Protein chains: 2
Amino acid sequence: MSVAHTGVTPQVHGGPCGDDDCGIREVLDRIGDRWSVLVLVELAKGVRRFRELERAIPGISQRMLTVTTRRLCRDGMVERTAHPTVPPQVEYRLTPMGESLAGAVRALADWSRDHRDAVGEARAKWDAEGGATP
Amino acid sequence: MSVAHTGVTPQVHGGPCGDDDCGIREVLDRIGDRWSVLVLVELAKGVRRFRELERAIPGISQRMLTVTTRRLCRDGMVERTAHPTVPPQVEYRLTPMGESLAGAVRALADWSRDHRDAVGEARAKWDAEGGATP
DNA sequence: CAGAATCCCATTCGATACTG
DNA sequence: CAGTATCGAATGGGATTCTG
């Protein structure tokens, strides 16, 4: 995911796993984009077709839905089944690993809900004070 | 995504919270960037000064460290304490809410570690097959 | 030491149009 | 319906330089 512009080799964080960051960046590089988690969560509700996903996720473009589902497929989170009918019919469903990830994501979502107000307050306070900490 | 330093509200996608995605995007909009989680995790180990963070997080630039710590402060995850000495000395530490978030993040990191190999296999298979699902 | 300020490229993503 | 292809704008963030 995006590292260096120049030819300089990336190697963003030190060694393979120098500290104990290990894993955090990896998962965020996969679902840290704008749409992956939304697709994940929608598919956690059940099997969906392309159009169904598109309608269920307001604001997503066809392109991004295609790109996102394909990435999730590549990573083994989603399984794609195309029925050779006409018009075409394609179903997406979570793999067991995908469901597992969706569960972990849900935990983060719960955290977010629980602390939404507190974050809002913190921001309001910060912005009111102009970014200082007096 | 991080809108701006000013108090401009995000509101990226459609409605306020149509389905039950609620919360997922919000937290990822905060820590989904390249550096936030790394700072979070490093601070979870204890109080750190600016330079200490910089050295502990290979590849981060001064600018991004400044930007990232400030955002975390604004959101109430990190507390900044500047001692008026010379040379200046600034300490960063997690707030209780920041520690709570770090805990949730750690769960995701654990998931990632547990499934790293499986994801690698899935990718290898996908790439070998040229992106099809035969 | 701990930033602030510029510059500027690269990747991401949205909009649009076309296809099997 | 389920994509693919192309283009352009916005954003993220690295390198560098300057300051209190």
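Proteins get letters first, then strands, A, B, ... in listed order; numbering begins at 1 in each. Just so you know, these numbers come straight off a predicted model, no measurement behind them.
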Figure out the [atom1]/[atom2] separation between [X] and [N], and round it to whole Å.
X     : N      : atom1 : atom2 : value
A:R25 : D:dG13 : CZ    : C1'   : 13 Å
B:R51 : C:dG3  : CZ    : C1'   : 10 Å
A:D29 : C:dT11 : CG    : C1'   : 13 Å
B:E91 : C:dG3  : CD    : C1'   : 16 Å
A:L65 : D:dC1  : CG    : C1'   : 12 Å
B:D33 : C:dA10 : CG    : P     : 21 Å
A:R71 : C:dT12 : CZ    : C1'   : 10 Å
A:E54 : D:dA2  : CD    : P     : 9 Å

Contact nearer the 5' end of DNA chain C, comparing A:P87 with A:M64: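 On the 5' side of the pair lies A:M64.
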N/O (side chain, A:R49) to phosphate O (OP1/OP2, D:dC1) under 4.0 Å: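 Checking A:R49 against D:dC1: no side-chain N or O falls below 4.0 Å of OP1 or OP2.
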Along DNA chain D (nearest heavy atom to each residue), the more 5'-positioned of B:S61 and B:P88: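 This one resolves to B:S61.
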Pairing residues for B:T68 by the side-chain hydrogen bond (donor to acceptor under 3.5 Å, both in side chains) criterion, not counting sequence neighbours: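 Partners of B:T68 under the side-chain hydrogen bond (donor to acceptor under 3.5 Å, both in side chains) test: none.
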Which residues share a side-chain hydrogen bond (donor to acceptor under 3.5 Å, both in side chains) with A:R51, sequence neighbours left out: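 Residues passing side-chain hydrogen bond (donor to acceptor under 3.5 Å, both in side chains) with A:R51: A:E54.
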Any residue meeting side-chain contact (heavy atoms from CB on, under 4.5 Å) with A:A122, in chain and number order, not counting sequence neighbours: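 For A:A122, no residue satisfies side-chain contact (heavy atoms from CB on, under 4.5 Å) once neighbours in sequence are set aside.
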Residues in side-chain contact (heavy atoms from CB on, under 4.5 Å) contact with B:R49, at least two apart in sequence or another chain: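 B:R49 satisfies side-chain contact (heavy atoms from CB on, under 4.5 Å) with B:E52, B:Q89, B:E91 once adjacent residues are dropped.
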Axis bend over the full length of the helix from C:dC1-D:dG20 to C:dG20-D:dC1, computed from five pairs that close each end, to 10 degrees: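 It comes to 40° between the two terminal axes.
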What nitrogen or oxygen pairs link the protein and nucleotides 3-6 of chain D at under 3.5 Å?
unit_1, atom_1, unit_2, atom_2, d
D:dG3, OP1, A:R80, NH1, 2.2
D:dG3, OP2, A:Y92, OH, 2.3
D:dT4, OP1, A:R70, NH2, 3.0
D:dT4, OP2, A:R70, NH2, 3.4

For the student: nearest non-hydrogen atoms of A:G23 and B:R116, plus distance: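 Closest pair (atom of A:G23, atom of B:R116, distance): N-NH2, 3.7 Å.
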Student check: side-chain heavy atoms of A:D29 and B:R34 closer than 4.5 Å: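 Counting from C-beta outward, A:D29 and B:R34 do come under 4.5 Å.
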Min side-chain heavy-atom separation B:V119-A:M97 under 4.5 Å: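 Touching, per the 4.5 Å side-chain cut-off.
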Test: A:R123 and A:D127 ion pair at under 4.0 Å: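 Salt bridge: no.
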Any donor-acceptor pair under 3.5 Å from B:R93 side chain to B:L43 backbone: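 Such a contact is absent between B:R93 side chain and B:L43 backbone.
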